[in-house]
Colleague: 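One structure coming up, written as structure tokens, with questions to follow.
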Amino acid sequence: MSGRARTGFLGQPRWFGTLFVVDLWERFSFYGMLAILYLYLVADPDEGGLGLSEADAAALSGLYMALVFMSALPGGWLADRLFGARRATLYGGLLITAGHGLLAVPSEGWLYPGLGLVIAGSGLVKPGMAAMVGRLYQGRPERREAAFSLFYMSIQVSALLAPLVTGFLGETVHWHLGFGAAALGMVIGVVCYAAGWSHFGEVGARPERPLADGELRPVLRRAGLLGGLPAVAVTVAAVSGALPPERVLMLVGLVVLAVPVLYYRALLRAPAVGPVERVRLRAMAWMLSASSVFWLLFAQGPALLNLFARDDVDRTLGTFEVPASWFQSVQPLFLLLLSPVAAALWVRLGRRAGAPAKFAAGLLLGGAAFVAMAAAASAAAQGRVSPLWLVVVYLLLVCGELAVAPIGLSLAAEVAPPGYAGRMLGLFWLFAAVGAAAGGRLAQLIDVVPDAVYYLLLAVLGLLAGTALTAASGRLRTRLAAHADAGAPAPTRSGS
């Protein structure tokens, strides 16, 4: 492919610029919408909001994040078996655009269809784009790693800028104008993708493992029986009023909790997974469970911490009142600044600190963040507090994220049995979904306990999980490296 030979965008081939711009705008739309979603849900109807309770809004926000994480599993299957990565990315972009477009309509009835389309589209875009980058750099792992690093940068840039735009429009003009800005960002991304279609040659044009003749019908039948019919039944019950919305959220939340457990059990029983690999996978299950606790803490940011910024933080800057959603830009700013520091620290520590110890540090930092948050909530009982409280909380959460997220992804690829790297990486995000959903449900306590007590409970949860993981880190590290003890070479996985 001629575009592969010529360098252009950031020293990468021309096709990379197309994917980078699409990812930038897709992330802009996602983080822009997420920054104002919770505030819109709890805002008074007289102010254009939905007037949901803080607990119900937190549950919905957490469940939305969880379903976005989970959607990559069916989306990846569709890209691999039915559409091909290139068409999956295009279809996903169109679904996300339509979803944000519905959210921009000033009508309560479009909320759930809009969120559903964004979730479905995200499930196609995420694995589709990753697969295309992997294929375009096949056989050149160092170039692929550099490309994914640039994509990670685009995520943080989008997460930094998007809340500033959508938050200002949503909070100061109209909520649906903020959603409209997210829709416009996705429109730009889809147009750029379509314009650069010819740069990709044959990459992603066809499914990697296309369905055989006659295979699609039984797959659709199983999907309909296991997913379609229950979804239709729940939807009909919800629309008719027989099933209140909070019960729908609870049912979907239970599905989110059950799927990773069932998926992991199936992986452990797979014939291709040997005894030594099962030892590593069982140890990895503890690591993934610990990561769920961290994501539970992390999920409070777009929800209750956003509300705290709105109601309890002194946001005046001269004559200008800083929109509460702008605090959602603090985390990506710290990530951009601290990611190189964390990378250098891991290199310096080398093998002296294993993944369990790093996870434990991340959980302890997450717990410390909510100790600070509990102190901030106590101080807020006397009046609005300094924004530095939230800055410190987000700083601690980011430091914890840098000890959990990249380390967890790397570890998932390392312990995966041969041929299962993609599924292990998917499991990492499935357990993140569990944490996000559980965090949303746990926020129900905010209606029955004082804010400071609620944040202190979160702090205790993080600190206890971090302490337990510290105590078990030696055993876990040994089991995660079980292949060395068994005298078997570690499986090689290029492209994980």
Side-chain angles (χ1 to χ4, degrees), residues 29-68 70-71 91-124 162 166-167 169-187 190 227-253 255-256 302-303 306-307 310 325 436-437 440-441 443-444:
S29 68
F30 174 78
Y31 286 106
M33 188 271 285
L34 192 63
I36 61 174
L37 176 62
Y38 181 82
L39 296 176
Y40 164 69
L41 294 174
V42 299
D44 192 274
D46 293 338
E47 300 172 352
L50 291 188
L52 296 184
S53 70
E54 296 175 10
D56 286 344
L60 178 56
S61 180
L63 194 58
Y64 166 72
M65 290 178 63
L67 290 174
V68 168
M70 290 186 65
S71 65
Y91 297 157
L94 292 172
L95 287 173
I96 294 172
T97 302
H100 285 305
L102 292 182
L103 291 169
V105 177
S107 172
E108 178 182 343
W110 295 112
L111 174 67
Y112 293 105
L115 292 178
L117 288 174
V118 174
I119 290 167
S122 298
L124 288 169
T166 62
L169 293 174
E171 292 188 60
T172 64
V173 184
H174 197 284
W175 292 113
H176 293 281
L177 189 58
F179 293 128
L184 178 60
M186 199 61 226
V187 168
V190 171
L229 289 179
V232 170
V234 169
T235 301
V236 170
V239 171
S240 65
L243 194 63
E246 57 269 21
R247 298 297 182 190
V248 176
L249 293 177
M250 185 177 297
L251 285 173
V252 178
V255 172
V256 171
N306 229 356
L307 186 67
R310 188 194 72 177
S325 53
R441 299 308 303 179
Q444 298 276 337

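If you read the sequence from its start, that first residue is 1, and numbering goes on from there. Hydrogens, waters and symmetry mates play no part in the numbers below; they use all other heavy atoms, side chains included. Note that the coordinates shown come from a computational prediction; the quantities given were computed from them, not determined experimentally.
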Colleague: Could you tell me whether the side chain of I96 reaches within less than 4.5 Å of the side chain of F30, counting heavy atoms only?
Modeller: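 Side-chain contact under 4.5 Å: no.
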
Colleague: Supply the atom-to-atom distance L34 CG to S61 OG, rounded to the nearest 0.5 angstrom.
Modeller: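 The CG atom of L34 sits 5.5 Å away from the OG atom of S61.
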
Colleague: For Q444, enumerate each residue passing the side-chain contact (heavy atoms from CB on, under 4.5 Å) test, keeping only those at least two apart in sequence or located in another chain.
Modeller: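 Partners of Q444 under the side-chain contact (heavy atoms from CB on, under 4.5 Å) test: A55, D56, A59, R441.
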
Colleague: Can you give me the closest heavy-atom contact between G167 and S325, atom names plus distance?
Modeller: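 Where G167 meets S325 most closely, the heavy atoms are CA-OG, 2.9 Å.
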
Colleague: Can you tell if the side chain of L103 reaches within under 4.5 Å of the side chain of L111, non-hydrogen atoms only?
Modeller: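 Of all side-chain heavy-atom pairs linking L111 with L103, at least one is under 4.5 Å.
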
Colleague: Roughly how far, to the nearest 0.5 Å, is the CG atom of L177 from the CD1 atom of I36?
Modeller: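 Going from CD1 on I36 over to CG on L177, the span is 9.0 Å.
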
Colleague: Using ring pair (Phe, Tyr, Trp, His ring centres under 6.0 Å) as the criterion, list what pairs up with Y91, not counting sequence neighbours.
Modeller: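 Y91: ring pair (Phe, Tyr, Trp, His ring centres under 6.0 Å) contacts with F83.
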
Colleague: How long is the gap from OG1 on T97 to CG on L102, to the nearest 0.5 Å?
Modeller: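 Going from OG1 on T97 over to CG on L102, the span is 11.0 Å.
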
Colleague: Determine the minimum heavy-atom distance between A437 and V256, stating which atoms define it.
Modeller: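 Closest pair (atom of A437, atom of V256, distance): CB-CG1, 3.8 Å.
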
Colleague: Rounded to the nearest 0.5 Å, how far apart are CG of L67 and CG of L115?
Modeller: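 Here the rounded value is 9.5 Å.
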
Colleague: When rounded to the nearest 0.5 angstrom, what is the spacing between OH in Y38 and CG in L52?
Modeller: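 Going from OH on Y38 over to CG on L52, the span is 9.5 Å.
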
Colleague: Between CG of L169 and CZ of F179, what distance do you get to the nearest 0.5 Å?
Modeller: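 The CZ atom of F179 is 12.0 Å from CG of L169, to the nearest 0.5 Å.
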
Colleague: Indicate the atoms forming the closest heavy-atom contact of D44 with D46, along with that distance.
Modeller: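 Heavy atoms only, the tightest pair is OD1-N, 2.8 Å.
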
Colleague: Using side-chain contact (heavy atoms from CB on, under 4.5 Å), reason through W110 and H176 one step at a time and then give a plain yes or no.
Modeller: CA-CA 11 Å; W110 295 112; H176 293 281; over 6 Å; no

Colleague: Identify the heavy atoms of H100 and A182 that sit nearest to each other, and give their distance.
Modeller: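 Reported closest heavy-atom pair: ND1-CB, 4.0 Å.
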
Colleague: Is L39 close to W175 at the side-chain level, that is, under 4.5 Å between some pair of heavy atoms?
Modeller: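 The answer is yes; the side chains approach within 4.5 Å.
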
Colleague: So, do L50 and Y40 sit near enough that their side-chain heavy atoms are less than 4.5 Å apart?
Modeller: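 A side-chain contact exists here, since the closest heavy-atom pair is under 4.5 Å.
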
Colleague: For T166 and A35, work out which heavy atoms get closest and say how close.
Modeller: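 Result for this residue pair: OG1-CB, 4.4 Å.
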
Colleague: What closest approach, in Å, do V42 and S53 show between heavy atoms, and which atom pair accounts for it?
Modeller: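 In terms of heavy atoms, the two residues are closest at CG1-O, 4.1 Å.
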
